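The next block holds one structure in the form of structure tokens; read it before the comments.
Remember, it's 1-based here, ligands and their atoms both numbered in the order they're listed. This structure is a prediction, so every number in the text was calculated from the model and none was measured.
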Amino acid sequence: MHEIPSRPVAITRVVAETPSIRTFFFSEPFPFQAGQFVMVWIPGVDEVPMALSSANSITVQKVGDATEALFSLGEGDLLGIKGPLGNGFSPGKRVLAIAGGIGAAPLLPLAAAGQATTFLLGARTAEELVFAGTLAGCTDCRVATDDGSRGYHGFVTGLLAGLDLSAYDSICVCGPEGMMNAVLRMLDAAGAAARGQFSLHRYMKCGIGLCGSCCIDPAGLCVCRDGPVFSGSALLESEFGSYSRDASGRKKKI
Ligand SMILES: Cc1cc2nc3c(=O)[nH]c(=O)nc-3n(C[C@H](O)[C@H](O)[C@H](O)COP(=O)(O)OP(=O)(O)OC[C@H]3O[C@@H](n4cnc5c(N)ncnc54)[C@H](O)[C@@H]3O)c2cc1C
């Protein structure tokens, strides 16, 4: 397998989306399909997978060492971008997008391109809602917060329960795996699992199918090489929603 080169780009703008989430715009666009990701090299620190939230941006939640280092960077600082990688979403004519937290990042480009008929956006609190204003301007965006501080009081699955799924050709989902698993079980109960497309955020090291950190049993699917987007039917009988792997490869319960 050939090594994919990392292209140096300069950060041109940083936008604070929520207290823990920022969008980093960079100097070069990367033609992509919504749902594809890039490996982002933070010089001297680490290389981590991030979905493209537009052709020249990533939207990042601060969770650990690499993302904290990224948050210390600003205009003019350099990053290395490898990609776009992976398969992305295959939207039909009528698309239902369902996002939990930072899961809105790979789904934003669908809405921005006018490809999301309905968008369900969930977060823990009103201030942690990402892109709510932008989404309201380009799609029918319905909001849920765990604490009821904005929109529907409860999980995004509560909003989903009120929709007629037969109105949608594809249901594109990204968020914490527990939330996506709850959505998958609801789609399955409605006979709609095959119309579901789930973007997985598994722990990943190489991004090109070599290290096995992001593989899903029993089929041995690699999120980086075979995904990150998988159909609901491919996930139904897998470890999805039950356990994942940490940095050392050890299984951990979800
Ligand atoms: C295809 C893909 C697309 C992604 N897109 C985005 C995105 O657009 N925006 C964004 O903020 N994040 C995204 N992620 C997750 C992101 O890669 C991780 O948050 C990041 O690697 C964490 O690095 P860290 O060193 O800051 O944290 P670490 O110190 O590595 O980890 C801190 C905590 O985050 C957890 N964690 C680490 N990596 C992941 C992961 N891949 N998924 C879930 N939890 C993880 C760890 O278990 C730990 O609890 C994506 C992941 C994948 C696989």
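- Protein heavy atom in closest approach to atom 30 (O) of ligand 1: Y203 CE1, 4.0 Å.
- Every atom of ligand 1 with a heavy atom of M204 under 4.0 Å away is listed here by number and element: 53 (C).
- Under 4.0 Å is where a charged nitrogen must lie from a carboxylate oxygen, and between E239 and R202 at least one such pair does.
- Every atom of ligand 1 with a heavy atom of V48 under 4.0 Å away is listed here by number and element: 21 (O), 23 (O).
- Not a single heavy atom of V223 sits under 4.0 Å from any atom of ligand 1.
- What sits closest to atom 27 (O) of ligand 1 on the protein, heavy atoms only, is G64 CA, 3.4 Å.
- Annotation: the span from E237 atom CD to D217 atom CG amounts to 14.0 Å, rounded to 0.5 Å.
- Nearest protein heavy-atom contact of atom 32 (C) of ligand 1 is V63 O, 3.4 Å.
- For E28, the CD atom counts as densely surrounded, since its 6.0 Å shell holds more than 12 non-hydrogen atoms of other residues, nucleotides or ligands.
- Between the side chains of Q61 and T67, no donor-acceptor pair of N or O atoms lies under 3.5 Å.
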- Worked check of side-chain hydrogen bond (donor to acceptor under 3.5 Å, both in side chains) between T18 and E127: CA-CA 6 Å; T18 79; E127 69 168 7; over 6 Å; no
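- Of the N and O atoms on the side chains of T117 and Y168, not one donor lies less than 3.5 Å from an acceptor on the other residue.
- Each of the atoms 40 (C), 41 (N), 53 (C) of ligand 1 lies under 4.0 Å from some heavy atom of R202.
- Residue D46 has no nitrogen or oxygen atom sitting less than 3.5 Å from a nitrogen or oxygen atom of ligand 1, judged on distance alone.
- Salt-bridge formation is not detected for the pair E47/K205: no Lys NZ or Arg NE/NH1/NH2 atom is positioned less than 4.0 Å from an Asp or Glu carboxylate oxygen.
- Here the protein heavy atom with the shortest distance to atom 5 (N) of ligand 1 is A51 N, 3.0 Å.
- Using a 4.0 Å cut-off between heavy atoms, K62 makes no contact with ligand 1 at all.
- Proximity of F230 to V223: side-chain heavy atoms (C-beta onward) are separated by under 4.5 Å at one or more points.
- Of all protein heavy atoms, the one lying nearest to atom 4 (C) of ligand 1 is H201 NE2, 3.2 Å.
- Around atom CG of D65, no more than 12 heavy atoms belonging to other residues, nucleotides or ligands sit under 6.0 Å away.
- Distances below 4.0 Å separate heavy atoms of A105 from the following atoms of ligand 1: 8 (O).
- Here is the list of ligand 1 atoms found below 4.0 Å of a heavy atom in V60: 11 (O).
- For atom 42 (N) of ligand 1, a protein heavy-atom neighbour is found at a distance under 4.0 Å.
- Within 4.0 Å of atom 36 (N) of ligand 1, not a single protein heavy atom is present.
- Of the protein's non-hydrogen atoms, T67 OG1, 2.5 Å is the one closest to atom 26 (O) of ligand 1.
- Within the 4.0 Å cut-off (strictly below), no protein heavy atom is located near atom 49 (O) of ligand 1.
- Residue contacts with ligand 1 include K252, since one or more of its heavy atoms lies under 4.0 Å from the ligand.
- Around atom 25 (O) of ligand 1, the closest heavy atom drawn from G227, S199, A66 belongs to A66.
- Side-chain contact check for M180 versus F240: some heavy-atom pair is nearer than 4.5 Å.
- Distance remark: protein heavy atom present below 4.0 angstrom from atom 52 (C) of ligand 1.
- The shortest side-chain heavy-atom distance between F37 and P228 falls under the 4.5 Å cut-off.
- The protein heavy-atom contact nearest to atom 12 (N) of ligand 1 is M50 SD, 3.5 Å.
- Counting only heavy atoms of the protein, atom 9 (N) of ligand 1 lies nearest to T59 O, 2.8 Å.
- Side-chain contact between M204 and S213 is absent, with no heavy-atom pair separated by less than 4.5 Å.
- Both L200 and M179 are assigned to one and the same hydrophobic cluster, defined by single-linkage of ILVMFWY side chains at heavy-atom distances under 4.5 Å.
- If you look at P49 next to ligand 1, the close heavy atoms, those under 4.0 Å, come from the backbone and the side chain alike.
- D188 places no side-chain N or O within donor-acceptor distance of the main-chain N or O of A193, the cut-off being under 3.5 Å.
- Every atom of ligand 1 with a heavy atom of Q61 under 4.0 Å away is listed here by number and element: 10 (C), 11 (O).
- Residues F119 and L96 fail the side-chain proximity criterion, which asks for heavy atoms closer than 4.5 Å.
- Within 4.0 Å of atom 16 (C) of ligand 1, at least one protein heavy atom is present.
- Heavy atoms of I102 found under 4.0 angstrom from ligand 1 belong exclusively to the side chain.
- Within the 4.5 Å cutoff, side-chain heavy atoms of L129 are placed close to those of R150.
- In this structure, I58 does not count as a contact residue of ligand 1, since none of its heavy atoms falls inside 4.0 Å of the ligand.
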